K.L.:
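Provided herewith is a single structure, encoded as structure tokens, for subsequent inquiry.
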Amino acid sequence: MAQKTALEDVQVLDLTQFEAGTSCTEALAWLGANVIKVENPKGGDQGRGASTDTPGVDSHYFMLLNANKRSITLNLGTDRGRQIFTDLLKKADVMIENFAPGAIERLGFGYDVVQKINPRIIYAQVKGFGEGPYENYVSFDMIAQSVGGALSLTGTTETEPLKPGPTIGDTGTGLHCAIGILAALHQRERTGRGQHIKVAMQDAVINFSRIAFARQAASGKAAVRSGNRSALGTTAPSGLYKCKGGGLNDYCFIYTTRAGNRHWDRLLKAIGRADLIGDERFNSPEKRWTHHDEVDRILSEFTQSRTKAEVMKMLGDAGVPAGAVYDTMEITQDPAIQKREMIVTVDHPKRGKFTLPGWPVKMSESHVAVDRAPLLGEHNAAIYAEWLGLTARDLEELKGKDVI
Ligand SMILES: CC(C)(COP(=O)(O)OP(=O)(O)OC[C@H]1O[C@@H](n2cnc3c(N)ncnc32)[C@H](O)[C@@H]1OP(=O)(O)O)[C@@H](O)C(=O)NCCC(=O)NCCS
């Protein structure tokens, strides 16, 4: 018997596109939900075709964000398409979309309508902005990161504001939305009712920027970007130390707690400088911060003649927080990361072997093996038969009328 999964009885109608919505439903799929992408027959999720290196073949971007889902096509611009979607909604637990503001209402499926079709449904929306002057604006990750504070906090005062590499405005919002959906499913157990969930990308990034508000509270001024230095400006070391090799990422990040000297003392022992334990210049986080140039010099002497892997191992073994700067290829090739299915290779009908990151949450009673993303409309026959009892002939007719 197949192993049970946490959300195996949850049916999700997924109208999402690009990343901010698709990352939400991918998470739900990895928790075991039955996620069905409902896509425009004319090209589907815009992420399929955008930035693909091979026209007509789904982009790698799409394949990274739509694993473990199935796909049906449905033209919601037609009466028949809207009628079919209404029938699907009656059987769903969750509906989610991230179109531009007003688009889903124009298609005829605003919350007020859907709630009447299925009062148990959890209806989730991702938008760029929450209620306020910008609520009708469209958005992408970099816009959300700008207005959520992330750019103002990244880089140094000598650089212009920088966009963080990871797409926290998109995937960060998707994961917030998934948390809301899980809570709503739990609440429905008690009330029998669904609810309306809205997540603004700006608000999700503000949540990720939370710690900067401690800096603001302490100084009375807007938090400034501090590069690799401790965000709160109260301890050293906190920074990148150049290692042997001279490559773009041949660095190790070394940090010691701002709550005492434990890590610092271990660090000094590990690098052969036990003579500095208790030294007046360094015997509190604040004093180390005052003398951070000297701290950096001492550590650089140690790191420059060793590879980042050696530095990380020596310090990690000694109980010091240290992290080599890994690039995506090093992550991909790391056997331990592969073993715990954080890097997985799947077979794709058009692309062949494709390697992607898996799902970081490991659960003892729910395991979903990573599977490839679906082709556009790949599951029309299976889903329309399973959910609505439609036959091959019905589907032929719907295709002829541009409904699917
Ligand atoms: C991402 C975004 C900027 C893209 O903007 P866009 O391409 O100009 O606008 P939309 O995505 O809403 O457009 C999709 C269109 O396809 C239509 N469409 C989508 N699925 C359809 C279907 N199954 N059948 C028929 N029409 C469909 C929509 O109705 C809409 O048409 P309209 O413009 O006539 O209303 C915008 O959707 C947005 O701001 N979304 C909210 C924030 C967000 O999630 N951003 C993405 C971060 S990755």
Side-chain angles (χ1 to χ4, degrees), residues 13-27 36-51 59 61-62 64-66 69-89 92 95-110 113-114 124-132 134-148 150 163-164 166-178 180 197-205 374 376-377 379-380 383-384 398-399 401-404:
L13 291 179
D14 175 8
L15 280 72
T16 65
Q17 54 176 352
F18 294 115
E19 178 177 350
T22 55
S23 55
C24 171
T25 51
E26 186 173 56
I36 297 165
K37 282 181 80 73
V38 180
E39 300 185 73
N40 191 337
K42 295 181 206 114
D45 175 342
Q46 297 192 68
R48 283 186 186 270
S51 307
S59 65
Y61 169 93
F62 175 84
L64 284 163
L65 289 160
N66 291 283
K69 305 178 189 177
R70 293 190 286 172
S71 164
I72 60 173
T73 47
L74 188 58
N75 184 350
L76 297 174
T78 62
D79 287 343
R80 184 83 176 99
R82 281 194 283 270
Q83 188 197 326
I84 290 174
F85 192 60
T86 302
D87 292 340
L88 293 173
L89 282 169
M95 179 198 130
I96 169 167
E97 63 89 13
N98 68 321
F99 297 130
I104 193 70
E105 289 80 7
R106 283 194 295 281
L107 288 170
F109 293 100
V113 176
V114 173
Q125 293 187 286
V126 167
K127 300 290 162 221
F129 299 87
E131 278 165 32
Y134 309 135
E135 65 191 39
N136 291 321
Y137 287 11
V138 290
S139 185
F140 282 110
D141 175 76
M142 56 299 285
I143 311 301
Q145 298 225 42
S146 297
V147 295
K163 182 174 75 61
T167 43
I168 59 171
D170 278 343
T171 287
T173 305
L175 294 179
H176 276 88
C177 190
I197 296 174
K198 296 193 230 179
V199 189
M201 293 164 67
Q202 177 181 27
D203 297 356
V205 177
L376 180 62
H379 302 97
N380 276 349
I383 304 282
Y384 281 126
L398 291 172
K399 211 168 180 51
K401 292 181 175 155
D402 289 333
V403 175
I404 63 169

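Note that ligands are numbered from 1 as they come in the structure, with each ligand's atoms numbered from 1 the same way. Fair warning: this is a prediction, and the values are worked out from it, not measured in the lab. Throughout, residue positions are numbered sequentially from 1 according to the sequence presented.
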K.L.:
Provide the number and element of each atom of ligand 1 under 4.0 Å from a heavy atom of Gln46.
P.N.:
7 (O), 11 (O)
K.L.:
For atom 16 (O) of ligand 1, which of the options Asn40, Val126, Val38 provides the nearest non-hydrogen atom?
P.N.:
Asn40
K.L.:
With a cut-off of 4.0 Å, which atoms of ligand 1 are near a heavy atom of Asn75?
P.N.:
24 (N), 25 (C)
K.L.:
Check this for me - ligand 1, Ala100, N or O atoms closer than 3.5 angstrom, yes or no?
P.N.:
yes
K.L.:
Quick test of your reading of the structure: of Phe18, Phe99, Tyr61, whose heavy atom lies closest to atom 19 (C) of ligand 1?
P.N.:
Phe99
K.L.:
Suppose we measure from atom 2 (C) of ligand 1 to each protein heavy atom; which comes out shortest, and what is that distance?
P.N.:
Phe140 CZ, 4.2 Å
K.L.:
Does some non-hydrogen atom of Leu74 fall short of 4.0 Å from ligand 1?
P.N.:
yes
K.L.:
What atoms of ligand 1 come within less than 4.0 Å of a heavy atom belonging to Gly77?
P.N.:
25 (C)
K.L.:
Side chains of Thr25 and Lys69: any donor to acceptor distance under 3.5 Å?
P.N.:
yes
K.L.:
Examine the proximity of ligand 1 to Leu107 and report which part, side chain or backbone, both or neither, has a heavy atom under 4.0 Å away.
P.N.:
side chain
K.L.:
Please give me the minimum heavy-atom distance between Glu97 and Ile104, naming the atom from each residue.
P.N.:
OE2-CG2, 3.4 Å
K.L.:
Would you mind running through ligand 1 and noting each atom that sits below 4.0 Å from a heavy atom of Arg106?
P.N.:
35 (O)
K.L.:
Which pair of heavy atoms, one from Pro164 and one from Ala150, lies closest together, and at what distance?
P.N.:
CG-CB, 4.0 Å
K.L.:
Is any side-chain heavy atom of Phe18 less than 4.5 Å from a side-chain heavy atom of Asp141?
P.N.:
no
K.L.:
Under 4.0 Å, heavy atoms only, figure out whether ligand 1 is touched by the backbone of Glu39, its side chain, both or neither.
P.N.:
backbone
K.L.:
Looking at Ala178 and Cys24, what are the two nearest heavy atoms and their distance?
P.N.:
N-SG, 3.6 Å
K.L.:
Tell me whether Asp170 has any N or O atom under 3.5 angstrom from an N or O of ligand 1.
P.N.:
no
K.L.:
Between Ser71 and Arg48, which heavy-atom pair has the shortest distance, and what is it?
P.N.:
OG-NH2, 3.6 Å
K.L.:
Is there a protein heavy atom less than 4.0 Å away from atom 40 (N) of ligand 1?
P.N.:
yes
K.L.:
Does any non-hydrogen side-chain atom of Glu39 lie less than 4.5 Å from one of Leu376?
P.N.:
yes
K.L.:
Under a 4.0 angstrom heavy-atom cut-off, which atoms of ligand 1 come close to Glu19?
P.N.:
48 (S)
K.L.:
How long is the span from the CG atom in Leu88 to the CD1 atom in Ile72, to the nearest 0.5 Å?
P.N.:
5.0 Å
K.L.:
Taking only residues two or more places apart in sequence or in another chain, which ones pass side-chain hydrogen bond (donor to acceptor under 3.5 Å, both in side chains) with Thr171?
P.N.:
Glu19
K.L.:
Tell me whether Met201 reaches ligand 1 (any heavy atom closer than 4.0 angstrom to a ligand atom).
P.N.:
yes
K.L.:
Test your reading of the structure: does Asp141 have an N or O sitting under 3.5 Å from an N or O of ligand 1?
P.N.:
no
K.L.:
What are the atoms of ligand 1, with element, lying closer than 4.0 Å to any heavy atom of Gln17?
P.N.:
10 (P), 11 (O), 37 (O)
K.L.:
Any idea which atoms of ligand 1 are less than 4.0 Å away from a heavy-atom of Ala103?
P.N.:
12 (O), 35 (O)
K.L.:
When only distance counts, is Asn98 in polar contact with ligand 1, meaning an N/O pair under 3.5 Å?
P.N.:
yes
K.L.:
Side chains of Phe109 and Arg82: closer than 4.5 Å at any heavy-atom pair?
P.N.:
yes
K.L.:
The criterion is ring pair (Phe, Tyr, Trp, His ring centres under 6.0 Å); which residues satisfy it with Tyr134, sequence neighbours excluded?
P.N.:
Phe129, Tyr137
K.L.:
Flag the pair Thr16 / Val126 as yes when at least one side-chain heavy-atom distance between them is below 4.5 Å, and no otherwise.
P.N.:
no
K.L.:
With respect to Lys37, which candidate in Thr73, Thr22, Asp45 satisfies the side-chain hydrogen bond (donor to acceptor under 3.5 Å, both in side chains) definition?
P.N.:
Asp45
K.L.:
Measuring from Lys401:NZ to Asn75:CG, what's the distance to the nearest 0.5 Å?
P.N.:
13.5 Å
K.L.:
Got an N/O contact under 3.5 Å between Leu76 and ligand 1?
P.N.:
yes
K.L.:
Does ligand 1 come near enough to Ser139 that some N or O of the ligand is less than 3.5 Å from an N or O of the residue?
P.N.:
yes
K.L.:
Can a protein heavy atom be found under 4.0 Å away from atom 10 (P) of ligand 1?
P.N.:
yes
K.L.:
Which ligand 1 atoms does Gly128 reach within 4.0 Å, using its non-hydrogen atoms?
P.N.:
42 (C)
